[in-house]
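Sequence lines set the chain letters: A, B, ... in the order given, protein chains first and strands last, and positions in each chain run from 1. Reckoned from all heavy atoms, side chains included, excluding hydrogens, waters and symmetry mates.
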2 protein chains.
Amino acid sequence: MQASPLRNEETPTEAPSPRQQAVLDAALTLMVEGNDPLTMDAVARRASCSKETLYKWFGDRDGLLTATVRWQASRVHAGRYEVSGLDAATLRENLLDFAESWLAVIASRTSVALNRIAIAEAGSRKSNLGGIVLANGRFAIGERVKPVLEAGRAAGLLAFEDSETAFRTFFGLVGRDIQIRLLLGDALDLDAAGIRSDAARAVEQFLALYGQANP
Amino acid sequence: MQASPLRNEETPTEAPSPRQQAVLDAALTLMVEGNDPLTMDAVARRASCSKETLYKWFGDRDGLLTATVRWQASRVHAGRYEVSGLDAATLRENLLDFAESWLAVIASRTSVALNRIAIAEAGSRKSNLGGIVLANGRFAIGERVKPVLEAGRAAGLLAFEDSETAFRTFFGLVGRDIQIRLLLGDALDLDAAGIRSDAARAVEQFLALYGQANP
DNA sequence: TGCGTACCGTACCGTACGGTACTGTTGACC
DNA sequence: GGTCAACAGTACCGTACGGTACGGTACGCA
């Protein structure tokens, strides 16, 4: 089990124009509503544009989906974290922040809808939607968390050999069964309070496993 | 976040006849191969039966998918575990066994294909495939693991308040990012050795969090 | 031997949807 | 005002696929 080749899929291409953003937002809205099966007709109607324009801008259906996923991802990315001179409280706070924001993302209707489409598409080859979602979700957050973990280790607050393995444990403690249940249609509603307490529990468990008193 | 209403979906209806089982196996094979998009035509051709028979036996496409999921589930369920007079070694062994078999399931091509279809279907209402997969996967294993955890607590080997919460932590430690990565098409191959070491790590971590010396 | 049942194979139907073509209409620029 | 590009709206095409109908065959049963 070595590094996956999926991590450099972020390739933002050029940013969509405001009108194109409106179209992509329409597509997102339709996905999230989830009543109709996201047909090109439906997007065109919702966005008040012609199908011909859709095809001109995005090439084909897959291009539209790809652009939509990228557009959504571009709005989720947050700034990087400060990792120099880490103390225990700051480390805990950073991890808590990651856990909360990650839970908020995977519990959002947008994420569920996007992941459903990417997973469905990943079944039938000929589209890299799954890779894009992974690159902007799971792998993007891994690349942001691992420096924090490594800084924690450098500061003597954490002990682990491989930051990737440590992160995957953190990921499991935070996400548990939430994402698969939501993807499969379980009703499971996580409100803000539930997210906070889940995130806190995950962080405490992670620190119990990997933390050590600053020597 | 309370109990989900999905847990009594196992309703096995009557068992399929041998010929019907062959048809369902054909459907499974097609799903796993994943080249064509599991059309009724393809199933009929692969199973050497007529579409009319398919519709007569299973009602419609959704009925066929449902029967296929149930058929697969009926083969995965293993026997229950002995939970009386648990000692530390037996507890660890039981947990290890659960973790290994669960990892083997979610890493199998069959599980990935089935979950993909159920997730795709869960997007467009009108089908309870997702509920069935959940009931026979995540919830079924939960109902089998929780008695073991509770027996461990009764024997003074584990400490927790809520067995559901403890199980969800175990679930997260075992599965981590594996299922979502596979669903999204990541290549990630887990061989038997990888599964064993992953399972062992998860069990040790779980015991580090919830275990306590027998008083 | 005739009849009914269960089934395969295949032709067929209707519709949904991806993709294209055509006809305005608007607005920028000369 | 004339010209052109971009675009909305819509009609249209081809195909894939869910679902149905029907002819043909094998087999059990009287």
Sequence neighbours left out, what passes salt bridge (Lys or Arg N to Asp or Glu O under 4.0 Å) with A:R92? Give chain and number order. A:E204
For DNA chain C, which residues of residues 20-37 of chain B approach it to below 4.0 angstrom with any heavy atom? none
According to side-chain hydrogen bond (donor to acceptor under 3.5 Å, both in side chains), does anything in residues 102-120 of chain B pair up with another residue at least two apart or in another chain? List the pairs. B:S111-B:N115
What are the 5'-most and 3'-most nucleotides of DNA chain D lying under 4.0 Å from any heavy atom of chain B? D:dC17 to D:dC22
Which ones in residues 51-67 of chain A lie close to DNA chain C, meaning a heavy atom under 4.0 Å from one of its atoms? A:K51, A:E52, A:Y55, A:D60, A:R61
If every non-hydrogen atom of B:F98 is compared with every non-hydrogen atom of B:R144, which pair is closest and at what distance? CZ-O, 3.6 Å
5'-most contact on DNA chain C (nearest-nucleotide basis), A:D41 vs B:S50, goes to B:S50
Quick one: list whatever passes side chain to side chain contact (heavy atoms under 4.5 Å, CB included) with A:A99, sequence neighbours left out. A:F170, A:V174, A:A199, A:V203
Residues forming a side chain to side chain contact (heavy atoms under 4.5 Å, CB included) with A:R46, sequence neighbours excluded: A:A26, A:T29, A:L30, A:E33
B:A120: which residues meet the side chain to side chain contact (heavy atoms under 4.5 Å, CB included) condition with it, sequence neighbours left out? A:A120
Just to verify, what does A:S197 make a side chain to side chain contact (heavy atoms under 4.5 Å, CB included) with, not counting sequence neighbours? none
What residues, two or more places apart in sequence or in another chain, satisfy ring pair (Phe, Tyr, Trp, His ring centres under 6.0 Å) together with B:F160? none
Once salt bridge (Lys or Arg N to Asp or Glu O under 4.0 Å) is applied, what residue pairs with a partner in residues 22-31 of chain A remain, sequence neighbours excluded? A:D25-A:R75
side-chain hydrogen bond (donor to acceptor under 3.5 Å, both in side chains): which pairs involve residues 51-61 of chain B, sequence neighbours left out? B:S50-B:T53
Classify B:R19 by what it touches in the nucleic acid, base, sugar-phosphate, or nothing, heavy-atom distance under 4.0 Å. sugar-phosphate
